[in-house]
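Let me begin by presenting the structure, written as structure tokens, before commenting on it.
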Number of protein chains: 2
Amino acid sequence: MSFDTIRWSDKKLYLIDQTALPLEESYIEYTDHAEAARAITDMIVRGAPAIGVTAAYGLVLAANEIAASGQPFEPAFAEACELFAATRPTAVNLFWGIERMQAVADTMAGQEPQAIADRLEAEAVAIHEEDVIANKAMGRHGAALLPERCTILTHCNAGALATADYGTALGVIRAAVEAGKDVKVYADETRPFLQGARLTAWELMADKIDVTLICDNMAGALMQTGKVDAVVVGADRIAANGDVANKIGTYPLSIVAKAHGVPFYVAAPISTIDMSLGCGDLIPIEERDPSEVTGLGQNRVAPEGVKVWNPAFDVTPASNIAAIITERGVAKAPYTESIAALCGVDV
Amino acid sequence: MSFDTIRWSDKKLYLIDQTALPLEESYIEYTDHAEAARAITDMIVRGAPAIGVTAAYGLVLAANEIAASGQPFEPAFAEACELFAATRPTAVNLFWGIERMQAVADTMAGQEPQAIADRLEAEAVAIHEEDVIANKAMGRHGAALLPERCTILTHCNAGALATADYGTALGVIRAAVEAGKDVKVYADETRPFLQGARLTAWELMADKIDVTLICDNMAGALMQTGKVDAVVVGADRIAANGDVANKIGTYPLSIVAKAHGVPFYVAAPISTIDMSLGCGDLIPIEERDPSEVTGLGQNRVAPEGVKVWNPAFDVTPASNIAAIITERGVAKAPYTESIAALCGVDV
């Protein structure tokens, strides 16, 4: 990519400001872990894999702060882990990243704080690098599912901006293009935060991939024309039975795809799978501020004082999903078995 | 209503500026028929019945201009009819209104121009008044379909602002409330023009009807919770077989409602039915400017130069519709027979 979603350099974290895109490509430097946590809550950085990587680096900032301050390491680090865990509730990669960092800290309990911090930095860099490798593998597996010439509809941004690089759903599209397939993309704008209009359109145009923007509610008319060969989306959390929590609007899109016989694919790393949850009903769904719906930038678009319901995610049942594409391969129904097999778990 | 969508006073036309709502309630005065036509194209006034009434008054402005100018009436009036017919292609009420005015002019061919203009004024006032009466009748028929206590989801604005007054879909809701039913409403914001956020929320709040705003893509999650008892929408054109063209997003909403067993009702006056079209595939669908999707007020939300597809309407097949509510009663499947019966046509 010509941009870095997340960059770690000289013990500082840099995030591309996703709230300023596409009007401005700017980077924010983070040296304070609480500021980095706020970047997740405020969606300066978003996308399940990307916030997992950001939390890992944020915990490196915390570890270095603790080491420099001379305070006891364990309780202060546990507090930082809690701070990051409280930023957003739905994407499980966040908790996966935090737990992986906590586990490393645990194995070094009692050692010199700066030594722990240095080991945590190596772990965060590994998490970052592994995400890119996973996305490229996912891309290859997913690209094989797409016809030589196809039009793909995607929702939200599951691209380089939602991950360390390359993307999950957009990684599948990139890999198909790199494999020489003729791919056109329709991008849902994805209200209220407009990740599709602002981010997906931007990063596909940067890669010179043919992209056309539509409003979320145009997907029905688009599929009615027979133009869409497949839907490919990302995921924020996948239950053991294959139910998928993803950006609000994914669920109705899956229903509309099913009604038109259009295959609906989910691309996500293994770290998105939460084997502790038997089904999607158990996934906590974040509700965000009404102002995301009633306003856009400087414009208020709804009457003052109107009631708003603003869930950030919805749950698509496994029965609407043609395949779940991971870095370890493709899971198909029955998902309880295929997901367990990919995760190396007995069912 | 505490506002006038369309007012005719002292031979002038006044329209509430629907592009300024809900931030500002302002009225624009029209004395020139070409300006009135532009108000339809630019969506200062929108909603199928409302643009039918506006065209009728616009043709009165034209008739008075022609009478004052001394030019031959018939060709100049025919030109004005063509101008209004070219404003928007999908809502058939527009053409119905124009044809009704043209028919009146035809019966007076050769008479004194100001006499024709005066007769046309009486016809436009009749069209205006009949629309309110039709909406109230539609409201009574539709309200009878709703449970005593219910939550209704609506799309776009099919309210007083889309008609002469009272509304079609919102007329059904108003009539249910007036009949003492306990009605809660969810309003889709309706991208890209935001008629739901800007207009439906505003007019229901003005009437103290319980309304909650959602983004279009949240309807799936809302129905998944079991909270929605019925969907009620308006229509821009109904084919003889019951297929319905309505605001973009109506079709996928009907699919999602069907998947959840939620009845999907369409409320529209008989003037919305186009018996000349056998099915919805034949309805012309307007495509509007990309800037409606890429921007909102002063804010650009998508990259410069991005391709956009912006159809203003979609077509819902009759098979997804539980009933079509008109001022003459309720049509149910098989629609070819029930619609013909309401229209007094043999099939």
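By convention in this document, chain letters (A, B, ...) are assigned in the order of the sequence lines, proteins followed by strands, and residues within each chain are numbered from 1.
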Most chain A-contacting option - heavy-atom pairs closer than 4.5 Å, from Ala201(B), Ala302(B), Ala187(B), Ser254(B):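 Result: the option with the highest number of such pairs is Ala302(B).
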Among Val315(B), Thr294(B), Leu194(B), Leu222(B), who wins on heavy-atom pairs under 4.5 Å with chain A?
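Most heavy-atom pairs under 4.5 Å with chain A: Leu222(B).
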Do any of residues 246-253 of chain B come closer than 4.5 Å to chain A, heavy atom to heavy atom, and if so which ones, in number order?
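Those residues of residues 246-253 of chain B which have a heavy atom under 4.5 Å from chain A are Ile248(B), Gly249(B), Tyr251(B), Pro252(B).
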Heavy-atom distances under 4.5 Å only: say whether [X] touches chain B with side chain, backbone, both or neither.
X	result
Asp210(A)	side chain
Met205(A)	side chain
Asn310(A)	both
Ile255(A)	both
Ala259(A)	side chain

Spacing of [atom1] belonging to [X] relative to [atom2] belonging to [Y], to within rounding of 0.5 Å:
X	Y	atom1	atom2	result
Trp309(B)	Ile214(A)	CH2	CD1	7.0 Å
Asp216(B)	Glu189(A)	CG	CD	8.5 Å
Gln224(A)	Asp314(B)	CD	CG	6.5 Å
Lys307(B)	Tyr186(A)	NZ	OH	7.0 Å

Does anything in residues 281-292 of chain A get under 4.5 Å of chain B by heavy atoms, and if so which residues?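 When heavy atoms of chain B are the reference, residues 281-292 of chain A contributes no residue within the under-4.5 Å range.
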Q) Which pair of heavy atoms, one from Thr212(A) and one from Val308(B), lies closest together, and at what distance? A)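 In this case the closest contact between Thr212(A) and Val308(B) is CG2-C, 3.8 Å.
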Report task. Could you tell me which non-hydrogen atom of Val301(A) sits nearest to which non-hydrogen atom of Pro22(B), and how far apart they are? Result ->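 Reported closest heavy-atom pair: O-CD, 4.1 Å.
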Item checked: Donor-acceptor contact below 3.5 Å, side chain Asn217(A) vs main chain Thr190(B) ->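 Side chain of Asn217(A) to backbone of Thr190(B), a donor-acceptor pair under 3.5 Å: no, none is there.
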Problem set entry | Pro192(A) side chain reached by Met218(B) side chain, heavy atoms, under 4.5 Å |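 Side chain of Met218(B) against side chain of Pro192(A), heavy atoms only: contact under 4.5 Å found.
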